[in-house]
Number of protein chains: 2
Amino acid sequence: MSNYETNNLSAMFKALSNPHRLALFHRLMSCCAPGTRCGLEETSRVCVGALGDGLEIAPSTLSHHLKELHRAGLIQMERRGKFVECWLEPSVLAELSAFFKSDSNLRSNDHEQLLPTQNRQD
Amino acid sequence: MSNYETNNLSAMFKALSNPHRLALFHRLMSCCAPGTRCGLEETSRVCVGALGDGLEIAPSTLSHHLKELHRAGLIQMERRGKFVECWLEPSVLAELSAFFKSDSNLRSNDHEQLLPTQNRQD
DNA sequence: TTCATAATTCGACATATTTCGAATAATAGA
DNA sequence: TCTATTATTCGAAATATGTCGAATTATGAA
């Protein structure tokens with residue numbers, strides 16, 4: 001994993017490291033049309049105020065958190081009239097899911113000899 | 001997603017939000033036996049010092065970061081003689097990968113009416 | 001016992017994050 | 001234009017995090 005990839009990914013995880021932001025992100029994940037794969041082109045959108053509903057945070061805090069999610073590349077935002085709509089690109093979910101799929105992270109011999117010899121045969 | 005789950009997950013993401021910690025975690029992911037699914041029972045272990053190799057952080061910082069990863073439930077640690085070995089439980093990878101699989105996050109009607117009516121039909 | 005190596009704990013400091021309220025901007029409608 | 005609604009920006013305060021060096025612990029070997 002290059003430094004660039006590491007920083008990009010860690011920025012995403014940082015955005016998700018706050019419980020409020022994770023909840024916001026998860027709402028966006030959950031609101032896709034039931035019974036279909038989330039997104040494709042049917043990504044549903046939620047306006048800012050509705051996203052924060054029930055979270056008990058000030059509007060300014062909500063705005064800040066959504067900006068962080070957006071800066072990390074996790075969500076999209078677009079003003080439509082009085083409202084600002086948020087949505088989630090399915091490719092982002094795919095990228096993150098793939099990262100934790102161990103198969104995609106196998107390398108051949110990068111880390112030979114990482115254990116001292118006396119500990120390798122038991 | 002319950003509050004408990006949210007906090008648990010966000011703690012994991014917080015642990016991965018630091019580039020150094022993400023690099024450490026990724027090394028543990030990458031060092032599995034080539035050609036096999038990571039883990040099952042062949043999880044390979046790496047001792048603390050070797051994990052930090054090339055990362056240019058002080059031993060105390062390395063120790064601190066590994067403790068954070070452990071506290072978040074992301075890695076396992078066990079002393080064997082002079083060394084402390086670290087490894088990764090495959091189930092953790094599975095859990096995280098599954099979280100981003102949008103299918104597993106579909107709910108039926110939790111978020112009806114999140115967009116104001118005038119914006120729902122375009 | 002004494003020494004060297006591996007790793008952790010502790011205390012300190014600089015920096016970053018979370019959160020809020022007040023002020024501001026953007027928009028739709030009367 | 002004036003007003004109400006939606007959302008953002010700004011500044012400040014409290015708290016958390018990342019990092020290091022020094023001291024300490026744990027262990028194996030001479």
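In what follows, chains are A, B, ... by sequence order, proteins preceding strands, each numbered from 1. Here the structure is a predicted model, which is why all the values come from computation and not from measurement.
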[X] has an atom [atom1]; how far is it from atom [atom2] of [N], in whole Å?
{"X": "B:His20", "N": "D:dC20", "atom1": "NE2", "atom2": "C1'", "result": "13 Å"}
{"X": "B:Ile57", "N": "D:dT17", "atom1": "CD1", "atom2": "C1'", "result": "14 Å"}
{"X": "B:Glu85", "N": "D:dT27", "atom1": "CD", "atom2": "P", "result": "14 Å"}
{"X": "B:Phe83", "N": "D:dT25", "atom1": "CZ", "atom2": "C1'", "result": "16 Å"}
{"X": "B:His64", "N": "C:dG11", "atom1": "NE2", "atom2": "P", "result": "15 Å"}
{"X": "A:Arg80", "N": "C:dA26", "atom1": "CZ", "atom2": "P", "result": "19 Å"}
{"X": "A:Leu55", "N": "C:dC20", "atom1": "CG", "atom2": "C1'", "result": "16 Å"}
{"X": "A:Lys82", "N": "C:dT27", "atom1": "NZ", "atom2": "P", "result": "12 Å"}

Nearest-neighbour nucleotide for the [X] side chain, [options] considered:
{"X": "A:Ala58", "options": "C:dC20, C:dT18, C:dA6", "answer": "C:dC20"}
{"X": "A:Ser63", "options": "C:dC10, D:dA7, D:dT19", "answer": "D:dA7"}
{"X": "A:Lys14", "options": "D:dT8, C:dT17, C:dC20", "answer": "C:dT17"}
{"X": "A:Val84", "options": "C:dG21, D:dA7, C:dT27", "answer": "D:dA7"}

Of residues 67-79 of chain A, the positions that come close to DNA chain C - non-hydrogen atoms, cut-off under 4.0 Å
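Under 4.0 Å from DNA chain C: A:Arg79.
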Does the side chain of [Y] come within less than 4.5 Å of [X]'s, by heavy atoms?
{"X": "B:His26", "Y": "A:Thr6", "result": "no"}
{"X": "A:Met29", "Y": "A:Phe25", "result": "yes"}
{"X": "B:Leu96", "Y": "A:Phe99", "result": "no"}
{"X": "B:Arg79", "Y": "B:Glu85", "result": "no"}

Any luck finding a side-chain donor-acceptor pair between A:Ser17 and B:Ser10 under 3.5 Å?
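Their side chains do not contain a donor-acceptor pair, so the 3.5 Å distance test is not met.
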First of A:Glu56 and B:Leu62 reached from the 5' end of DNA chain C, by closest nucleotide
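Going by which nucleotide is closer to the 5' end, it is B:Leu62.
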May I ask you to say what B:His65 touches in the nucleic acid, namely base, sugar-phosphate or nothing, with a heavy-atom cut-off under 4.0 Å?
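Since only primed, P, OP1 and OP2 atoms lie under 4.0 Å of B:His65, the category is sugar-phosphate.
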For C:dT18, does either OP1 or OP2 sit under 4.0 Å from a side-chain N or O belonging to A:Thr61?
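Answer is no, no contact under 4.0 Å.
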Ignoring backbone atoms, test whether A:Asn18 places a side-chain nitrogen or oxygen under 4.0 Å from the OP1 or OP2 oxygen of D:dA16.
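Indeed not, no polar side-chain atom of A:Asn18 lies that close.
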Evaluate the ring planes of B:Phe100 and A:Phe100, with Trp represented by its six-membered ring, and classify them as parallel (under 30°), tilted (30 to 60°) or perpendicular (over 60°).
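The rings of B:Phe100 and A:Phe100 lie parallel, inter-plane angle below 30°.
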Working for salt bridge (Lys or Arg N to Asp or Glu O under 4.0 Å), residues B:Lys14 and B:Glu68:
CA-CA 9 Å; B:Lys14 176 176 288 178; B:Glu68 291 297 303; over 6 Å; no
